[in-house]
There are 2 protein chains.
Amino acid sequence: MIFLTDLCKNYAMGDTTVHALQNVNCAIVKGDFIAVMGASGSGKSTLMNILGCLDIPSGGTYMLDGEEVQRFSQNRLAALRNRKMGFVFQAFNLLPRTTALENVELPLMYNKSISAGYLRKKALEALEWVGLRERAFHFSNQLSGGQQQRVAIARAIVNDPVILLADEPTGNLDSAMSVEIMALFQRLNRNGITVIMVTHEPDIAQYAMRRMTFRDGRIINDEKVLGR
Amino acid sequence: MIFLTDLCKNYAMGDTTVHALQNVNCAIVKGDFIAVMGASGSGKSTLMNILGCLDIPSGGTYMLDGEEVQRFSQNRLAALRNRKMGFVFQAFNLLPRTTALENVELPLMYNKSISAGYLRKKALEALEWVGLRERAFHFSNQLSGGQQQRVAIARAIVNDPVILLADEPTGNLDSAMSVEIMALFQRLNRNGITVIMVTHEPDIAQYAMRRMTFRDGRIINDEKVLGR
Ligand SMILES: Nc1ncnc2c1ncn2[C@@H]1O[C@H](COP(=O)(O)OP(=O)(O)OP(=O)(O)O)[C@@H](O)[C@H]1O
Ligand SMILES: Nc1ncnc2c1ncn2[C@@H]1O[C@H](COP(=O)(O)OP(=O)(O)OP(=O)(O)O)[C@@H](O)[C@H]1O
Ligand SMILES: [Mg+2]
Ligand SMILES: [Mg+2]
């Protein structure tokens with residue numbers, strides 16, 4: 001389903017170059033549940049942004065369902081993103097001066113075929129799944145950090161994405177809430193959604209089926225999670 | 001040093017009221033190292049914002065070194081904040097279009113008595129302590145999530161605060177880097193800085209001397225960390 005071949009991402013900084021990703025090679029199949037780990041600055045978010053069609057590589061190939069995505073125009077990338085991807089950003093990126101409900105409804109608005117009533121129903125359901133039904137009408141700045149993170153998760157799943165990309169989805173959640181979110185991700189994964197999640201917490205990585213470890217822009221380890 | 005008496009914080013939301021903090025009572029002495037824990041939405045950041053003079057309570061008293069801070073004007077709060085507090089925000093709040101070094105120098109700029117050379121030297125040293133000396137000239141949007149978090153930590157400690165308030169300071173850091181940041185906090189604490197840190201990770205709370213647990217805006221537990 002996904003093939004990355006010699007994928008590279010560089011940033012030119014005056015007379016030095018930051019090699020954020022260097023010759024990344026991997027295959028991801030439909031229904032995978034992958035935990036991406038590695039030190040701060042090792043390239044995890046850069047990989048997620050390329051997989052989620054939010055950024056393009058400097059070199060190499062990103063093959064998705066038989067098409068070379070790194071060749072796509074901005075418009076084709078945006079269309080693919082809206083149709084197939086759900087993204088939980090490391091910094092949440094909620095719209096300010098917008099309620100939790102409006103933030104979650106946003107991905108559905110690209111879909112001209114659904115009614116306003118159905119849109120609202122789906123968004124409220126997604127908020128229910130993350131325990132935030134009663135915060136639906138709070139503005140994003142009236143929510144705690146963990147509540148903002150959960151709104152970002154609801155927004156990522158409301159449009160039934162094929163691929164869910166979650167960058168540190170439990171970074172601001174206590175253990176009990178983290179377990180609930182992981183149970184939700186496992187349920188989505190059993191229903192066929194491919195889940196790729198960055199986490200620095202080994203307890204959270206345990207919920208995945210496969211663990212990929214980054215160092216200095218390269219994959220140094222890619223193995224099955226024991227017992228899964 | 002700090003006494004909170006019947007501290008309350010409410011938000012009026014149309015016909016309902018959110019009780020973010022309800023009758024919080026506690027004493028904090030100079031040199032304390034406190035881990036604040038509790039579920040998402042339980043009032044931890046609200047407490048931190050009031051302690052850090054970024055917000056005022058709806059009721060009750062905040063006594064700091066013999067003065068009732070909840071009576072202060074905005075100007076007096078700002079002066080107290082700049083002189084005594086270092087704050088690591090849950091969302092980092094770095095200035096965009098500003099380098100890591102400039103972000104860290106910012107708290108020092110209020111101090112008219114220090115030279116530009118000394119200001120730069122102190123800021124570079126703080127970046128060194130969080131392992132980011134070589135990222136000093138990156139802009140904040142050119143840093144990874146964990147790098148941004150560490151710049152926020154450097155900025156909070158550069159002005160030799162009396163009280164360091166850190167809201168989820170390791171939320172985006174891997175284990176090795178988290179251990180380094182905790183060693184830094186312990187070193188600062190041994191040098192006399194009072195450290196109050198929100199964390200949802202029990203392994204991180206272990207570095208503190210005292211653990212305070214919140215639920216629904218109240219302190220339900222306040223005890224010494226075993227073995228410390
Ligand atoms: N400006 C606001 N208006 C209305 N409600 C608010 C506002 N700010 C915070 N709240 C509510 O107050 C409660 C406490 O928020 P707070 O940010 O202190 O929680 P927290 O313990 O830090 O949570 P987290 O672990 O998720 O960061 C939450 O239920 C939140 O929805
Ligand atoms: N726009 C940019 N310009 C220059 N360098 C960048 C830019 N964006 C990221 N980098 C650098 O690329 C490297 C990888 O960044 P990335 O965000 O992928 O790391 P990460 O593994 O997600 O880290 P973290 O765990 O801290 O979130 C970092 O060293 C970072 O400083
Ligand atoms: Mg990252
Ligand atoms: Mg908080």
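Chain letters run A, B, ... following the sequence lines, proteins first and then strands; every chain starts at 1. Keep in mind that the numbers below use all heavy atoms, side chains included, and drop hydrogens, waters and symmetry copies.
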task: Evaluate the side chain to side chain donor-acceptor pair (under 3.5 Å) criterion for residues B:Q22 and B:D216: first the C-alpha distance (whole Å), next the side-chain angles of each, then the deciding distance (0.1 Å), finally the verdict.
output: CA-CA 8 Å; B:Q22 308 189 58; B:D216 299 328; over 6 Å; no

Given that the side chain runs from C-beta out, which part of [X] has a heavy atom under 4.5 Å from chain A: side chain, backbone, both or neither?
X	answer
B:M13	side chain
B:T46	neither
B:S40	both
B:E168	side chain
B:Q148	neither

- prompt: Around atom CD of A:Q74, are there more than 12 heavy atoms of other residues, nucleotides or ligands at under 6.0 Å?
  reply: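 At most 12 heavy atoms, drawn from other residues, nucleotides or ligands, come within 6.0 Å of this atom.
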
- prompt: Got more than 12 heavy atoms from elsewhere within 6.0 Å of CZ, B:R187?
  reply: yes

message: I'd like to know if the side chain of B:N25 reaches the main chain of B:D6, judged simply by a donor and an acceptor atom lying under 3.5 Å from each other, with no hydrogens or angles considered.
response: yes

message: I need the residue from A:M177, A:Q149, A:M37, A:Q142 with the largest number of non-hydrogen atom pairs under 4.5 Å to chain B.
response: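 The candidate making the most pairs under 4.5 Å is A:Q142.
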
- prompt: So, A:D167 versus A:S45: side-chain donor-acceptor pair below 3.5 Å or not?
  reply: yes

field: Residue part contacting chain B, namely of A:A39, when any heavy atom lies under 4.5 Å
entry: both

